[in-house]
Amino acid sequence: MDRAEQRARLITARDAGRVGCRSCGLVAPLGQRRCTRCGAALQSRDTQSLQKVWAWWMAGLITYIPANIYPMLRSTELFRTTESTIVGGVVDLIHYGDYAVAAIVFVASIVIPIGKFGAIAWLALILGRPHAQDTHRLHRVYEVVEFIGRWSMIDVFVVAILSALVQFETFATINPGIAAISFAVSVIFTMLSAQSFDSRLIWDRLKEGTPA
Amino acid sequence: MSGRRQTIACPICDTMYQVDDEIAVRDTRCIRCGHRLTFGRRGAIARVVGLAMTSAILMGLAMFLPFLNLTSGRNTVSASLVEVVGGFADGLMVPLAFAVFGFILVLPLTRFVLLIFALGPVAAARPAFPGAALALRWAIVLKPWAMAEVFMIGVAVALIKLSGLATIGMGSAFWVLCAVVLITAYQETFMCRHTLWTELNSARA
């Protein structure tokens, strides 16, 4: 039996009138509320999945705006206070010649969040109706988005460590700005958005006749 | 043990499989989406529990040992991880301090404790504690929210940013936390959900 033939014989738990546990994998009869093995709530398909995705996505986008407008860091040196935003911090690093660190911060705080907003919206739009996309590609995008989200927190941690360490100094202080909180909240919202996807939609919404 | 069959569904794409024990001791992947269904490593439970205990103990040490040493002029100050995170906890920034504290210390530590609680008795061939299933489920749910490794990159970036201002040395807790990150990554390679749940279930019955 070759792979294509093998694939054609696959049936899902829903096809078989049953429901698979997403936590431990055990299959239960349809209509059972909780998994007997791990106790997780059972749901054949999360029909509200895309609504949740969009809701968290919008919340994340809204909090991402103040995160970029307001200062991430407020540093005071001899009575002079300077404020720097996320982009400003990256520009400063380039100015001091720390190109590698500038690249890390740029990727973690700008490229990943914006890329993630785009990728989640793209997936949610495609999965909103029957699609003829390559399921493997959709699945890969979904996995990357889920994996990469937490790495955006780097900048929040940097701000935390900087402000804590510099408190031990006498001539300078660094305080986190309001953008640090907005950014942290934005990262949390987009992580929740990615987790709200019901990955089974990728295969459910495949148009008939498209090779899986 | 041979001949035991279980019906499982792929958590990613819902394809259903009949898995018997002979297959579950090997690596298996879902034919349709490629999700790993079983890692099939024998002794996975004992390793997960052992590594979680190691991490938990190291994490406890890392909290109170000096994390960073700051030298400017003739003054040297060392700050523990708790001091580093709690250092800016005033006014508006209290929620931020709580979040950072939770992500880098509380949640990773909680995961280790949950894993030890759920799987420790199984590894020791004793009946599982009541609530073990709930504990294991939460240990899996919390995984993306435990961010010790992200924090370590943040520390590296902060050190480079501060390098002009003062001389900063890494304290022992810094290296201990590095070890925790590596051990946790190694432990995750043994986290075969199918094996963990099957073993836990037979220890409960």
Side-chain angles (χ1 to χ4, degrees), chain A residues 3 6-7 10-16 18-27 37-40 44 93 96 98 101 104-105 108 135-136 139 146 149-151 153-158 160-169 172 175-176 178 180-181 184 191 195 199-200 202-204 212, chain B residues 6-16 31-35 37 68 70 72 75 77 79 83-88 92-93 95-97 99-100 103-104 133-134 136-137 140-141 144-145 147 150-151 153-162 164-166 168 193-194 196-198 200-201:
Chain A
R3 275 185 85 80
Q6 215 175 359
R7 248 178 232 182
L10 295 176
I11 54 164
T12 63
R14 189 176 64 166
D15 295 338
R18 301 165 94 184
V19 50
C21 173
R22 296 193 77 193
S23 172
C24 75
L26 196 72
V27 169
R37 182 157 72 168
C38 71
S44 178
L93 281 169
Y96 294 128
D98 290 323
V101 185
I104 292 176
V105 177
T135 50
H136 279 287
H139 180 210
E146 256 211 320
R150 46 215 291 280
W151 289 95
M153 279 289 185
I154 287 179
D155 220 25
V156 175
F157 291 150
V158 170
I161 300 156
L162 282 181
S163 42
L165 278 183
V166 175
Q167 304 230 320
F168 295 102
E169 290 283 323
N175 284 308
I178 192 76
I181 289 182
M191 280 176 74
Q195 286 181 8
S199 56
R200 299 170 292 198
I202 296 175
W203 291 271
D204 285 352
Chain B
Q6 288 186 77
T7 309
I8 60 167
C10 172
I12 300 297
C13 73
D14 207 34
T15 307
M16 208 165 63
I31 300 169
R32 186 155 71 159
C33 73
H35 181 75
L37 295 171
L68 293 169
L70 198 86
S72 72
N75 298 327
V77 196
E83 287 172 306
V84 168
V85 178
F88 61 99
L92 204 68
M93 293 305 146
L96 189 64
V100 172
F103 284 141
I104 65 167
L134 190 69
L136 182 56
R137 192 146 51 82
I140 294 170
V141 170
W145 302 99
M147 301 193 191
V150 181
F151 178 73
I153 305 285
V155 172
V157 173
L159 290 187
I160 294 168
K161 272 193 164 183
L162 276 181
L165 208 60
I168 296 166
R193 286 198 205 177
H194 181 77
L196 299 187
W197 283 114
T198 308
L200 179 58
N201 203 38

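Residue numbers start from 1 in every chain, and the chains themselves are labelled A, B, ... in the order their sequence lines are given, proteins ahead of strands. Computed from a predicted model, the values in this text were never measured in an experiment.
A heavy-atom distance below 4.5 Å is not found between the side chains of A/T12 and A/R200. In this structure, B/Q6 and B/H194 have side chains that are in contact, with non-hydrogen atoms separated by less than 4.5 Å. Inter-residue side-chain proximity for B/T198 and A/R37 is flagged as met; some heavy-atom pair is nearer than 4.5 Å.
Remark: side-chain polar atoms of B/R137 are paired, donor with acceptor, to backbone N or O of A/G39 under 3.5 angstrom. Listed for the B/R193 side chain is no donor-acceptor partner under 3.5 Å among the backbone atoms of A/C24.
Under the salt bridge (Lys or Arg N to Asp or Glu O under 4.0 Å) criterion, A/D15 pairs with no residue at all, not counting sequence neighbours.
When A/G20, A/S23, A/A108 are compared by the number of non-hydrogen pairs under 4.5 Å with chain B, A/S23 comes out ahead. No other option in B/I153, B/I140, B/I12 has as many heavy-atom pairs under 4.5 Å with chain A as B/I12. In terms of non-hydrogen atom pairs under 4.5 Å with chain B, the most contact-rich of A/S199, A/S44, A/C21 is A/S199.
For A/Q195, the part lying under 4.5 angstrom from a heavy atom of chain B is the side chain only. In this structure, the portions of A/L26 lying under 4.5 Å from any heavy atom of chain B include both its backbone and its side chain. In this structure, chain A has a heavy atom under 4.5 Å from the side chain of B/I104, while its backbone stays farther away. Using a 4.5 Å cut-off between heavy atoms, A/A180 touches chain B through backbone and side chain atoms alike. For B/L68, the part lying near chain A is the side chain, with the backbone staying farther off; criterion is any non-hydrogen pair under 4.5 Å. Proximity to chain B (any heavy atom under 4.5 Å) is restricted, for A/V105, to the side chain, taken from C-beta onward.
Between A/H139 and A/W203, the two ring planes are perpendicular [angle over 60°; tilted spans 30° to 60°].
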